[in-house]
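Notes follow the structure.
Here is how names work: the chains are called A, B, and so on, in the same order as the sequence lines, proteins then strands, and each is numbered from 1.
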Amino acid sequence: MPDLGPLWLSLALAGITTVILLVIGTPLAWWLAGTSSRWKPAIEAVTALPLVLPPTVLGFYFLIVLGPASPVGGFWVRITGEALTFSFSGLVVASVVYSLPFMVQPLQNAFESVGRAPLEAAATLRARPIDAFFSVAVPLSKRGFISAAVLSFAHTIGEFGVVLMVGGNIPGKTKVISIAIYEHVETLNYAEAHVLSAGLLLFSFLALFSLYAFRRGSPAYVR
Amino acid sequence: MSANARHALRLRARVDFPGFRLDVDEVLELTGVTGLFGPSGSGKSTLLRVIAGLEEGVNGSVSFNDKVWQDGTVFLPACARPVGYVFQDARLFSHLSVEGNLLFAANRSADQGIALAEAVSAMGLQPLLQRHVDTLSGGERQRVAIARTLLTNPQLLLLDEPLAALDTQRKREILPYIDGLPGRFGIPAIYVSHSVDEIARLADNVMLLDGGRIVAAGRVEKILNRNEPRSSQMGFEAVSVLQVTVLEHLPELHLLRVDHHGQTLTVPAVDRVTTGESLRLSVHSGDVVLATDLPTGLSVRNVLNGTVIDIAEDPTGAFAKVDVDVNGATIRAQLTRHAVHELKLNAGSDVYVLLKTASFDRDF
């Protein structure tokens, strides 16, 4: 029986990351979908950067920004007493940035396809903007939310390079499933590597399969 | 609030778009249905959106019955203006059922006012309540949209070409519902359309909008047939509006016999009409035939006695506009100048005005 600690750690990391991304990605995507600001292309480019940068580049900058010697890392040490680097909290911060485009882009697309029209209708029916957002824009964007959450979760489960650089390989703290597989392979423990790899493969397939099946089968509305 | 109560909408707005400017500075006295008529691109929808507060960043002022909705310092957002807006594309919420759409509005409005059951019965929605909005026909969607808007207890209804996307059959189906609105709920309405027949049927007053400006306003029967050459510039044929009273419904023939200032006409039956009810009919000037002798052996059912009051010949074209007084109402005929001369028509000539029953059946 393989050590399941890395599995639970991966699930916890992906779950927490997805929740945080829903909270910060939703307003960002909403702003991007509706704005005509000249800053929009710059913000969109920054949001998409994790898609194209090697994880080592992100990891390198995270080490510098989150390290105890930096203002951010130093502040974290002062209020919590521990460093962000090589900690679970540091992994969460890095994962949020790393998976940001997987949350923001599907949501932005969903909000753009909902468009202004239903929200104008809601306004003429006395719904204030925040009310209209939650009672009209969110339910009409339901599929976008599901896509964004599934993709963010699955992408965080699958991350390796950033985790390795920011978190290292500390059992119970930063040794997530992808790191554990790497370690098993390094130590020629192929049996355990097989189990974890096959499990991750199956999980990823099922996540994507259910997403696409849902997209295909679900009508555009909820009852 | 009665249907005939007057409401004042003060409106000053200047909106610049590339190649187009809306520039309006008017006090609109609203009672019943006011038609807002103009060619495509004349600014009709923009004007409604300004009134509703959907165009932010517009310089101008809007006040309704001395309540300021917008001026230099105040801007009430759309959700705070007591306006009901019916969009051309209905804009029902596709994640909700028909009932859900109605409750969306009802839950956000004051308890007193138009009740859900009242709006449902006015628009005939009882059989549709549990339906999903994606399964509705275009006419049904607009009826739901109108009921939903009524449930916000609006003080002013804005209808933005609600029939434009519908075919003739659907228009016929929904018109009686719209027709009865102002009388039933006592809410003044501005009804935007580029169909002169729709305006003639529904509106008591009409405003003509052209090139971003209101160029004429007044009673529908005056504006629609007295605005040559404006009407031809604006791309509509002059229409005479006849105010009639229903005398008799002949269901087996699908006809109505109506009284027009003491003379009887036969017109196609319309839905939901009762004896004694007032109806407005429109007839295009090109559909009006004049005769100096009472013709026989013709299929035309409607023959009215009248007197020519004015003849306007177009010296550069084939046609002349002939205005005929029929017991105090004016009916305009478009004849060839050739016919005017052959019949020796002059102001004061007695004529028979022939109206084919089918000429009342144009759009609806």
Has [X] got more than 12 heavy atoms of other residues, nucleotides or ligands less than 6.0 Å from its [atom1]?
X	atom1	answer
N59(B)	CG	no
F60(A)	CZ	no
R10(B)	CZ	no
K40(A)	NZ	yes
E56(B)	CD	no
F203(A)	CZ	yes
F75(A)	CZ	no

In the structure I gave you, are the side-chain heavy atoms of E120(A) and F87(B) within less than 4.5 Å of one another anywhere? yes
Which atoms form the tightest heavy-atom contact between [X] and [Y], and what is the distance?
X	Y	value
F93(B)	P118(A)	CE2-O, 3.3 Å
T124(A)	T152(B)	O-CG2, 4.2 Å
A127(A)	C79(B)	O-CB, 3.4 Å

Once you round to the nearest 0.5 Å, how far does CG of L96(B) lie from CG of L140(A)?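 Interatomic distance, L96(B) CG to L140(A) CG, rounded to 0.5 Å: 8.0 Å.
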Would you please test L125(A) and R148(B) for side chain to side chain contact (heavy atoms under 4.5 Å, CB included) and show each step? CA-CA 8 Å; L125(A) 299 171; R148(B) 190 176 70 164; 3.4 Å; yes
Under a 3.5 Å distance rule, please check whether R126(A) uses its side chain to pair with a backbone N or O of R81(B) as donor and acceptor. yes
So, does H95(B) use its side chain to make a donor-acceptor pair with the main chain of S141(A) at under 3.5 Å? no
Check each atom of A122(A) against the heavy atoms of chain B and say whether the ones under 4.5 Å are side chain, backbone, both or neither. both
